[in-house]
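Just so it is clear: chains get the letters A, B, ... in the order the sequence lines come, proteins before strands, and each one is counted from 1. Just so it is clear, the model here is predicted, and its values are computed rather than measured.
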There are 2 protein chains.
Amino acid sequence: MELEAIIGRLRGRGYKVTPQRLMVLKALAAERHQSLEELRGRCSGVGLATLYRTLDLLTGIGAVRRLELGDGPRYELAGDHHHHLICESCGEISEFEECPLDGAGLGRIGGFSPRAHSLEVYGRCAGCR
Amino acid sequence: MELEAIIGRLRGRGYKVTPQRLMVLKALAAERHQSLEELRGRCSGVGLATLYRTLDLLTGIGAVRRLELGDGPRYELAGDHHHHLICESCGEISEFEECPLDGAGLGRIGGFSPRAHSLEVYGRCAGCR
DNA sequence: ATGTAGTTGAAAAATTTTTTCAATTAGGAG
DNA sequence: CTCCTAATTGAAAAAATTTTTCAACTACAT
């Protein structure tokens, strides 16, 4: 399970597995690309500072991705590779899994060696056309 | 010239071309992906609020892109299509023009019709390998 | 030259994020 | 199971960032 792996990674690095951290992880597992406020809602009892600290920690160990999709940061579990579609009309955010870079891939670019990438696509969702 | 086009667009939409706006535009033309502080440095005499307002305005009319590359927002003229390489070791930001999506292109994705996209590549720069 | 809507700077307000610090707790050692 | 200790937490304060307010100013159409 996804969460188990993250918990293992926390323990492996000497971090404690606290109820607060578990709560944040479960909140993240419940839905993708959530804003801080949404996470707050799902993590009642977890202090604001702890929420920030936990997201920092999880981002640091690669368990969480911090997104900037247009209005304020969002967070999601970093588990699977996918990209975001942002509707410029209604603001809806959706995902797609078929990475357009899969085929072409990213070889060395100049002297730069890629490790990861993020791709955001802006346009209009089905509903808004 | 790039700036002329933007100035035209401002006028066309009923915005005034003020010395402050020109100063911000020239600052943006001087270098890519600048932080607010860098822009501040190049725009002496321009009030902070005006700088924010101007960047907002220019972003609104599509003349400027606001970037989120890792630590704090950055801004650049939206003129040409390019993407960013972010070195995870030293933080250096560089660009590349050859868009990997050029060939494959982005057709309709599900019901979503793409208008633009942004791609950021994280890895290690030549110097850090 | 004039009038006016748009613009500006400075300060205040609002928002967001980080830090501080005393109290609490997870988890290893015995 | 109990103890111990370093890690963690919450609340409040502080810091950083962004937006708003408002009176004075100015670009530019007429």
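- One distance of note links CG of Leu85(B) with CG of Leu69(B); it measures 9.5 Å at 0.5 Å rounding.
- Between Leu10(A) atom CG and Leu25(A) atom CG the span is 6.5 Å, to the nearest 0.5 Å.
- Shown here for Ile6(A) and Leu58(A), the closest heavy-atom pair between the two residues is CG2-CD2, 4.2 Å.
- Applying the salt bridge (charged side-chain N to carboxylate O under 4.0 Å, His left out) test to every pair with at least one member in residues 9-29 of chain B, sequence neighbours left out, gives no pairs at all.
- For DNA chain D, the neighbouring residues in residues 7-19 of chain B, judged by any heavy atom under 4.0 Å, are Arg11(B), Lys16(B), Val17(B), Pro19(B).
- Residue Tyr122(B) comes nearest to Ser118(A) through the heavy atom pair CE1-OG, 4.2 Å, listed as atom of the first residue, atom of the second, then distance.
- Axis deviation across the helix from dA1(C)-dT30(D) to dG30(C)-dC1(D) amounts to 40°, comparing end segments of five pairs, rounded to 10 degrees.
- Just one residue in the list Glu76(B), Arg32(B), His33(B), Arg74(B) forms a side chain to side chain donor-acceptor pair (under 3.5 Å) with His84(B), and that residue is Glu76(B).
- Interface limits on DNA chain D: the 5'-most and 3'-most nucleotides within less than 4.0 Å of chain B heavy atoms are dT17(D) to dC28(D).
- One finds the NE2 atom of His83(B) at 6.0 Å from the CZ atom of Phe96(B) (value rounded to the nearest 0.5 Å).
- Within the structure, salt bridge (charged side-chain N to carboxylate O under 4.0 Å, His left out) pairs that include any residue of residues 108-126 of chain B comprise Glu88(A)-Arg115(B) (at least two apart or interchain).
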As a quick check of understanding, evaluate side-chain contact (heavy atoms from CB on, under 4.5 Å) for Asp80(A) and Glu97(A), giving each step before the final call. CA-CA 9 Å; Asp80(A) 58 325; Glu97(A) 322 287 332; 3.5 Å; yes

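- Checked by atom type and distance alone, the side chain of Glu38(B) never pairs as donor or acceptor with a backbone atom of Glu31(B) at under 3.5 Å.
- Rounded to the nearest 0.5 Å, atoms CG (Asp71(A)) and CD (Glu68(A)) are 9.5 Å apart.
- Note that the OH atom of Tyr52(A) and the CG atom of Leu36(A) stand 4.5 Å from one another [nearest 0.5 Å].
- Rounded to an integer number of Å, the gap from Asp71(B) CG to dT17(C) C1' is 15 Å.
- Applying the 4.0 Å criterion to OP1 and OP2 of dA26(C), one finds that Gln20(A) has every side-chain N and O outside that range.
- Between the P atom of dT24(C) and the CZ atom of Arg21(A) lies a distance of 19 Å, rounded to the nearest Å.
- Of the residues in residues 44-60 of chain A, those placing a heavy atom less than 4.0 Å from an atom of DNA chain D are Gly45(A), Val46(A), Gly47(A), Ala49(A), Thr50(A), Arg53(A), in numerical order.
- Side-chain contact between Leu57(B) and Val64(B) is absent, with no heavy-atom pair separated by less than 4.5 Å.
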